[in-house]
Colleague: 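The structure under discussion is supplied below as structure tokens; questions concerning it will follow.
What you are looking at is a predicted structure, and each value in this text was computed from that prediction instead of being measured.
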Amino acid sequence: MEDYILNCKGINKSFGGVHALNNVDLRVKRGEVHCLAGENGCGKSTIIKAISGFQPQDSGTIEFNGKVYDSLSPVLSIDLGIQVIYQDLSVFPNLTVQENLAINTVLSHKTKIYNHKQQREIAKKVMETLNLDLDLDVRVEQLPVASKQLIAIARALYAKANFLILDEPTTALTRKEVDRLFELIRGLKENGMTVLFVSHKLDEMYEISDSITIMRSGEAVFTGDMKSLSEEDFTHYMTGRDISMANDSNADLRIKRDSKPALEVENLSGAGFRNVSFSVQHGEILGITGQLGSGRSELCNTIFGITRATGGAIKRDGNEIKIHSVNDAINNGIALVPEDRLTEGLFLPISIMENITLVNYAEFTKKALLDTDAQEKNSSEWVQEIHVKTDDHLLPVQTLSGGNQQKVALAKWLSTHPKVLILNGPTVGVDIGAKYDIYQLLRDLASNGMAVVVASDDLAEVVRLCDRTIVMRGGTMTGEISKSDLSVENLTKAIM
């Protein structure tokens with residue numbers, strides 16, 4: 001008989017008449033890494049909130065460690081050994097490492113007197129268990145994201161957790177940091193910890209998970225062994241449609257090799273990088289890959305005029321151009337979809353239409369008056385063109401899922417009619433259905449003659465999407481990998 005530490009039965013949850021969870025069953029075996037997958041809005045967060053007691057279900061039961069509960073509270077959930085580490089980590093930047101480790105336990109048990117010596121000894125033991133070497137007295141705000149992630153996990157162990165929920169834990173980590181995290185998870189598993197792993201990244205799911213539950217539209221549509229799922233099966237269960245993430249077989253037909261490069265960079269230097277040279281043809285999708293801090297983002301920002309180059313040259317169709325500002329880049333047919341759509345790419349409170357048409361307002365202005373009919377027509381056409389899922393393009397962009405927000409960020413810059421489109425992390429935080437749509441869109445744009453540059457540390461994405469890639473490390477370009485040699489293994493070796 002299977003030993004399930006968690007057995008959720010018939011979980012239902014509604015918000016204002018909308019069924020977020022519909023009769024969901026979720027069973028997790030003791031001592032395994034179980035993946036919870038699904039597109040944005042499928043109900044993953046809602047079931048996690050029910051398990052953690054933050055938002056109890058309307059009906060159904062949660063059995064944990066053999067005991068059945070009609071609902072859980074946050075304090076009861078923590079007392080049972082359930083700990084959630086959210087994507088934003090929920091660490092306290094103004095507190096020290098030791099204080100962050102202790103705070104959950106102190107608050108949940110309403111400790112009136114903080115025993116510094118006792119808590120320090122416990123903190124040391126936890127750090128030793130995880131083989132972590134961090135100064136317990138340093139403020140967390142001074143540490144990198146990867147260290148904050150490890151502190152959040154250490155805090156769960158400090159609170160004697162036996163069931164750890166990791167919500168998109170690798171979003172802001174380099175490949176090396178992901179390897180360290182996975183090593184840690186495997187060690188926790190060997191010591192009896194059960195892990196519920198939430199992720200959008202298929203390669204990571206296969207790498208770390210034993211089993212998987214896939215949710216769609218508030219229902220659990222598949223539960224089984226992770227290795228039994230093919231990529232095609234996985235995408236079908238996730239999206240409800242049959243889609244292929246196969247590589248593009250028409251690359252040689254669309255790349256215009258007989259014309260001058262759409263974009264050339266010669267010995268370009270700037271803040272965070274130096275002496276980088278590459279070219280990209282019309283119809284080509286070029287990758288720029290490297291770990292966080294490699295200089296890839298800084299390179300993109302300089303080409304787009306966000307920061308100024310300190311040396312070298314940029315050419316468009318064989319002619320040298322001067323880019324001292326973003327307007328210079330736009331006027332030369334270059335557009336950039338930034339890495340963080342929430343803080344750099346979109347204005348969340350304003351409408352989808354306004355976000356799409358913001359950059360090219362001049363097209364809809366006549367004698368200082370805005371032609372709202374033309375603006376609405378343009379926005380509506382883009383919403384249809386790139387398949388933004390919305391009932392009304394006059395709604396705030398913050399009402400959309402992450403994938404649809406990214407499509408709006410794309411439409412915003414496509415509306416400037418660029419000849420060169422640069423995308424920094426084009427599918428970060430995007431579910432697999434939207435990721436497929438974005439890949440298809442970029443291939444279509446390339447087929448129509450646009451030069452596309454994709455900067456990404458998602459190695460599977462680079463392999464799947466790009467015709468070739470340049471590799472950056474420590475601010476310099478260390479090599480180029482052709483399509484025939486593009487593989488996750490080769491890229492991993494190159495960026496380390």
Colleague: Are Thr307 and Asn301 close enough, and set up right, to give a side chain to side chain donor-acceptor pair (under 3.5 Å), and what steps lead you there?
Modeller: CA-CA 6 Å; Thr307 55; Asn301 289 342; 5.7 Å; no

Colleague: Using the side-chain hydrogen bond (donor to acceptor under 3.5 Å, both in side chains) rule, collect all pairs that involve residues 312-323, keeping only residues at least two apart or in two chains.
Modeller: Glu266-Lys315, His282-Asp317, Glu320-Lys322

Colleague: In sequence, state the C-alpha distance, the side-chain angles, and the governing distance for Phe273 and Leu268, and then conclude on side chain to side chain contact (heavy atoms under 4.5 Å, CB included).
Modeller: CA-CA 8 Å; Phe273 69 96; Leu268 194 67; 4.0 Å; yes

Colleague: Any donor and acceptor pair, going by atom type alone, linking the side chain of Ser209 with main-chain N or O of Tyr206 inside 3.5 Å?
Modeller: no

Colleague: Report the residues that fulfil side-chain hydrogen bond (donor to acceptor under 3.5 Å, both in side chains) with Arg468, sequence neighbours left out, ordered by chain and then residue number.
Modeller: Glu284, Glu480

Colleague: Please check this pair: side chain of Lys44 against backbone of Ala37, looking for a donor-acceptor N/O pair closer than 3.5 Å.
Modeller: no

Colleague: Any donor and acceptor pair, going by atom type alone, linking the side chain of Ser199 with main-chain N or O of Met205 inside 3.5 Å?
Modeller: no

Colleague: Checking Asn424 against Ser297: is there a side-chain donor and acceptor pair closer than 3.5 Å?
Modeller: yes

Colleague: Would you indicate whether His236, at its atom NE2, is surrounded by more than 12 heavy atoms from other residues, nucleotides or ligands within a distance under 6.0 Å?
Modeller: yes

Colleague: Are Ile165 and Ile82 close enough that some pair of their side-chain heavy atoms sits under 4.5 Å apart?
Modeller: yes

Colleague: Looking at Ser277 and Asn267, what are the two nearest heavy atoms and their distance?
Modeller: OG-N, 2.7 Å

Colleague: Check whether any side-chain heavy atom of Ile350 sits under 4.5 Å from a side-chain heavy atom of Val397, and report yes or no.
Modeller: no

Colleague: For Glu381, check salt bridge (charged side-chain N to carboxylate O under 4.0 Å, His left out) against everything at least two apart and list the hits.
Modeller: Lys377

Colleague: Looking at Lys419, I'd like to know if its NZ atom is crowded, meaning that more than 12 non-hydrogen atoms belonging to other residues, nucleotides or ligands lie closer than 6.0 Å.
Modeller: no

Colleague: Rounded at 0.5 Å granularity, tell me how far CH2 in Trp413 sits from CG in Leu358.
Modeller: 8.5 Å

Colleague: Where the side chain of Asp371 meets the backbone of Phe364, is there a donor-acceptor pair that is under 3.5 Å apart?
Modeller: no

Colleague: May I ask you to decide whether Glu231 forms a salt bridge with Arg464, counting only side-chain N to carboxylate O separations under 4.0 Å?
Modeller: yes

Colleague: Kindly compute the distance separating CD (Glu461) from OH (Tyr439), expressed to the nearest 0.5 Å.
Modeller: 3.5 Å

Colleague: Test of understanding: with salt bridge (charged side-chain N to carboxylate O under 4.0 Å, His left out), list the residues that count as partners of Asp58, not counting sequence neighbours.
Modeller: Lys13

Colleague: Can you see which heavy atom on Gln281 is nearest to which on Pro261, and at what distance?
Modeller: OE1-CG, 3.4 Å

Colleague: So that I can tick it off, tell me whether Arg241 and Asp437 are bridged by a salt bridge, with the cut-off set at under 4.0 angstrom between side-chain N and carboxylate O.
Modeller: yes

Colleague: Between Leu166 and Ile153, is the side chain to side chain contact (heavy atoms under 4.5 Å, CB included) condition met? List the steps.
Modeller: CA-CA 9 Å; Leu166 299 176; Ile153 294 174; 4.2 Å; yes

Colleague: If we ignore hydrogens and angles and just use 3.5 Å, is the side chain of Lys389 paired with the main-chain N or O of His387 as donor and acceptor?
Modeller: no

Colleague: Judged by atom type as modelled, is there a donor-acceptor pair below 3.5 Å linking the side chain of Asn22 to the main-chain atoms of Glu219?
Modeller: no

Colleague: Are Phe304 and Ile330 side-chain neighbours, meaning at least one heavy-atom pair lies under 4.5 Å?
Modeller: yes

Colleague: So Lys435 and Asp458, do their side chains get closer than 4.5 Å, heavy atoms only?
Modeller: yes

Colleague: Is any side-chain heavy atom of Leu181 closer than 4.5 Å to a side-chain heavy atom of Ile208?
Modeller: no

Colleague: For Asp391, does the CG atom have more than 12 heavy-atom neighbours from other residues, nucleotides or ligands under 6.0 Å away?
Modeller: no

Colleague: For Thr476, is there any backbone N or O sitting under 3.5 Å from a side-chain donor or acceptor partner on Arg274?
Modeller: no

Colleague: Look up atom CD1 in Ile255 and atom CG in Leu286, then write down how far apart they are to the nearest 0.5 Å.
Modeller: 10.0 Å

Colleague: What are the two closest heavy atoms between Asn490 and Asp485, and how far apart are they?
Modeller: ND2-O, 2.7 Å

Colleague: State, yes or no, whether a side-chain contact exists between Ile51 and Leu26 at a heavy-atom distance under 4.5 Å.
Modeller: yes

Colleague: Hey, mind stepping through Ile334 and Ile321 against side chain to side chain contact (heavy atoms under 4.5 Å, CB included) and telling me if it holds?
Modeller: CA-CA 11 Å; Ile334 301 173; Ile321 58 176; 4.1 Å; yes

Colleague: Counting only heavy atoms not in Phe347 (residues, nucleotides, ligands), do more than 12 fall under 6.0 Å from its CZ?
Modeller: no

Colleague: Going through the distances and angles, do Thr390 and Val408 end up as a side chain to side chain contact (heavy atoms under 4.5 Å, CB included)?
Modeller: CA-CA 11 Å; Thr390 180; Val408 172; over 6 Å; no

Colleague: With a 3.5 Å distance limit and no angle check, can you tell me whether Gln406 reaches the backbone of Pro426 through a side-chain donor-acceptor pair?
Modeller: yes

Colleague: Drop me the distance from Leu414's CG to Trp382's CH2, to the nearest 0.5 angstrom.
Modeller: 4.5 Å

Colleague: Looking only at non-hydrogen atoms, find the nearest pair between Cys466 and Leu486 and report the distance.
Modeller: O-CD1, 3.5 Å

Colleague: To the nearest 0.5 angstrom, please state how far the NE2 atom of His19 sits from the OG atom of Ser14.
Modeller: 4.5 Å

Colleague: Grab the two heavy atoms, one from Met472 and one from Val276, that are nearest each other, plus how far apart they are.
Modeller: CE-CG2, 3.9 Å

Colleague: Counting only heavy atoms not in Phe182, do more than 12 fall under 6.0 Å of its CZ?
Modeller: yes

Colleague: State, with a plain yes or no, whether a side-chain heavy atom of Gln405 is found less than 4.5 Å away from one of Leu348.
Modeller: yes

Colleague: How long is the span from the CG atom in Leu184 to the CG atom in Leu150, to the nearest 0.5 Å?
Modeller: 6.0 Å

Colleague: Which atom pair, heavy atoms only, marks the closest approach of Ser447 to Arg254?
Modeller: OG-CD, 3.6 Å

Colleague: Whether the side chain of Ser269 engages the backbone of Asn275 through a donor-acceptor N/O pair (distance < 3.5 Å, no angle test) should be reported.
Modeller: yes

Colleague: With side chain to side chain contact (heavy atoms under 4.5 Å, CB included) as the test, pick out the partner of Cys35 among Leu202, Leu229, Thr213, Ile212.
Modeller: Ile212

Colleague: What pairs with Asp457 under side-chain hydrogen bond (donor to acceptor under 3.5 Å, both in side chains), at least two apart in sequence or on another chain?
Modeller: Arg296

Colleague: Taking side-chain hydrogen bond (donor to acceptor under 3.5 Å, both in side chains) as the definition, give me every residue that meets it alongside Ser211, ordered by chain and number, with sequence neighbours left out.
Modeller: Glu32, His34

Colleague: Going by heavy atoms in the side chains, are Leu442 and Leu465 under 4.5 Å from each other?
Modeller: yes

Colleague: Are the side chain of Ser379 and the backbone N or O of Gln375 linked by a donor-acceptor pair below 3.5 Å?
Modeller: no

